[in-house]
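Notes to accompany the following structure.
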Amino acid sequence: MKRRVLPGLPLSLGITLVYAAIIIVLPLVALVFKAASLGFADYWRIVSSDRAVASYLVTVSCALAATLFNLVFGMALAWVLVRYRFPGRRVVDALVDLPFALPTAVAGISLTTLFAVNGWFGGPLSALGVKVAYTPLGIMVAMAFTSLPFVVRTVQPVLEELDPTLEEAAQTLGGSDLSVFARVVLPLLTPALLAGVSLSFARSLGEFGAIIFIAGNQPFETEITALLAFIRLEEYDYPASAAIASVMLITAFVMLAVTNLMQARALRYTVRN
Amino acid sequence: MKISLDNVVKTFDTFRAVHGVSLQIESGELVALLGPSGSGKTTILRMVAGLEYADGGHIYFGEEDATDIPVRDRGVGFVFQHYALFPHMTVAENIAFGMKVSKIRRSAEAIRERVEELLALVQLSGLGQRFPGQISGGQRQRVALARALAVDPRVLLLDEPFGALDANVRRDLRRWLRKIHDELGITTLFVTHDQEEALDLADRVVILDKGRIVQQGTPEEVCRSPENAFVMRFLGDANALPATVRDGKAYVQDVEFDAQGLADGAAEVLFRPADVAWREDGQGVPAQILRVLDRPDSRRVLAKTTGGQSIEFDTAPEFPHRKGEAGFIDIRRPRVYATG
């Protein structure tokens with residue numbers, strides 16, 4: 001019999017699989033069953049209703065914008081935290097995790113207060129003609145805030161491991177700063193960036209607490225899908241709620257599958273022989 | 001391309017890594033910078049490359065002052081100790097990198113041909129489509145050399161190029177690098193802490209200690225006439241016996257050595273383990289054998305002088321004496337250096 005260094009593999013494998021089934025798979029199966037109880041015609045009517053489709057558009061477009069923002073800003077933040085030593089670096093490093101720790105409702109209320117027309121940010125912005133609170137822009141701000149840590153925390157360790165002599169080698173070969181970044185640094189960070197982006201996007205799709213305070217929640221304009229599912233729930237229309245939720249589930253699943261494929265492609269070079 | 005360093009200085013925070021080093025490397029020469037860690041050899045190499053900026057002094061490429069030319073425009077080929085190959089690119093893509101980012105436009109066909117040519121030069125034809133993670137250490141270092149040569153550098157710089165490889169591969173690559181250098185005739189500067197490597201490979205060896213040049217010359221010159229005790233010790237095993245100089249003679253326990261030109265005072269007599277003959281009686285420093293170690297082609301004797309100094313020397317395999325025996329050590333080619 002093959003001996004392993006760590007004992008009890010069958011036991012721990014069993015426990016973790018059962019745990020994953022109870023915590024993750026069971027609720028999702030319940031959701032699918034609930035939605036399936038509708039029959040196809042009703043299901044299709046609910047998930048393709050104008051209000052639902054409008055909510056998908058708002059949610060996905062805001063989540064895309066927030067993720068794009070976090071991709072750029074999160075990478076810059078990770079870069080600064082890894083490559084520079086400055087006073088207060090550890091404080092900034094700790095601050096990155098704050099959106100994780102903060103109850104999302106608190107984040108939502110704080111952001112609304114700041115970005116309301118009479119708030120610290122909202123006042124000057126409205127003078128410039130930019131309205132944030134109670135518009136899709138507010139939804140983006142809330143999504144970007146709550147999902148910021150993902151890109152930073154996935155890129156940071158990879159950047160720390162990135163050998164600086166690779167950049168030096170590229171420079172001695174005549175590479176400009178831009179080509180060193182584009183041809184050497186970026187490709188090596190791509191797997192981590194994809195992981196961070198997919199988590200950030202998934203979180204933005206599902207964010208609820210922070211958004212409902214700042215969004216204004218006008219159907220067809222600033223109503224997110226999660227809120228629509230919640231409204232159906234409050235109306236005791238469980239199957240309709242499950243149907244709308246299932247659309248979000250499928251979207252998140254497809255998105256994670258696609259980024260996994262892209263990651264595997266970006267990591268081709270690590271496959272030996 | 002001739003390279004000159006004129007009084008180059010480099011300080012990191014408060015640590016002065018390089019103290020006013022001046023050095024000339026003739027066109028086509030292969031020069032080794034040899035020194036222990038912390039001697040500033042790598043810093044000098046990186047300043048020539050433009051990876052570090054000199055705090056003082058000038059670096060010339062030919063007649064051109066290259067001190068402030070940024071690394072990417074300096075036209076150097078740099079080979080790193082740990083290869084620094086781009087892990088996400090194939091061997092061929094690694095070699096092509098410099099040509100792709102160059103300001104000089106080359107057709108894809110021209111780049112492909114040049115890559116093939118370089119792969120043949122470093123004897124890796126057929127491995128172009130492998131990733132660096134799929135080849136051996138020695139092969140990686142050859143790829144790194146091909147990559148550095150691809151941009152037709154004015155000078156080739158190697159930082160401990162064989163440091164991460166095992167002994168056999170090191171020796172092969174060393175001889176092979178010398179061959180490539182003789183074929184291409186490119187001015188080459190390399191850094192090593194391995195004296196055997198420096199003596200094996202270089203036309204000229206520059207020995208550094210604590211950010212200063214302590215001696216430079218051909219391997220023969222530095223081996224046959226080390227200018228001070230540091231060079232003598234650094235180039236190979238050396239025994240040292242404390243001595244006193246009086247009137248041009250050095251005395252070790254009443255045994256006299258020639259010390260022409262040395263001022264009176266404390267000194268030491270240095271000699272190689274091979275430069276000792278064991279005598280049962282007669283002249284020499286009295287000593288006792290502590291141990292005899294066997295080597296394939298010799299016996300090494302560990303002994304202690306009656307003055308209490310440990311020494312080691314090599315003898316023929318037939319050396320008949322044993323532990324505990326007393327006698328005299330007769331020193332050939334002693335070198336006397338003042339201490340303090």
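We name chains A, B, ... by the order of the sequence lines, and we start the count at 1 in each one.
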With a 4.5 angstrom heavy-atom cut-off, is it the side chain or the backbone of [X] that approaches chain A, or both, or neither?
X: A144(B); result: neither
X: M89(B); result: side chain
X: K100(B); result: both
X: V151(B); result: side chain

With a 6.0 Å cut-off (strictly less than), is the heavy-atom count around [atom1] of [X], excluding the residue itself, greater than 12?
X: F73(A); atom1: CZ; result: no
X: Y19(A); atom1: OH; result: no
X: Y53(B); atom1: OH; result: yes
X: L13(A); atom1: CG; result: yes
X: E183(B); atom1: CD; result: yes
X: M262(A); atom1: CE; result: no

So do the side chains of R183(A) and V101(B) get within less than 4.5 Å of each other, counting heavy atoms only? yes
In terms of heavy-atom pairs under 4.5 Å with chain B, which of P187(A), A169(A), S176(A), S179(A) leads? A169(A)
Any donor and acceptor pair, going by atom type alone, linking the side chain of H88(B) with main-chain N or O of L267(A) inside 3.5 Å? no
From CD (E168(A)) to CD (E52(B)), nearest 0.5 Å: 7.5 Å
As an exercise, state the distance from CG of L173(A) to CZ of F78(B), rounded to the nearest 0.5 Å. 11.5 Å
Passing option when T172(A) is tested against V79(B), L157(B), L51(B) for side chain to side chain contact (heavy atoms under 4.5 Å, CB included): L51(B)
Among Q81(B), R74(B), R46(B), which residue forms the greatest number of heavy-atom pairs with chain A at distances under 4.5 Å? R46(B)
Heavy-atom distance under 4.5 Å to chain B: side chain of A266(A), backbone, both or neither? neither
Taking every heavy atom of L166(A) against every heavy atom of P87(B), the minimum-distance pair comes out as CD1-CD, 3.9 Å
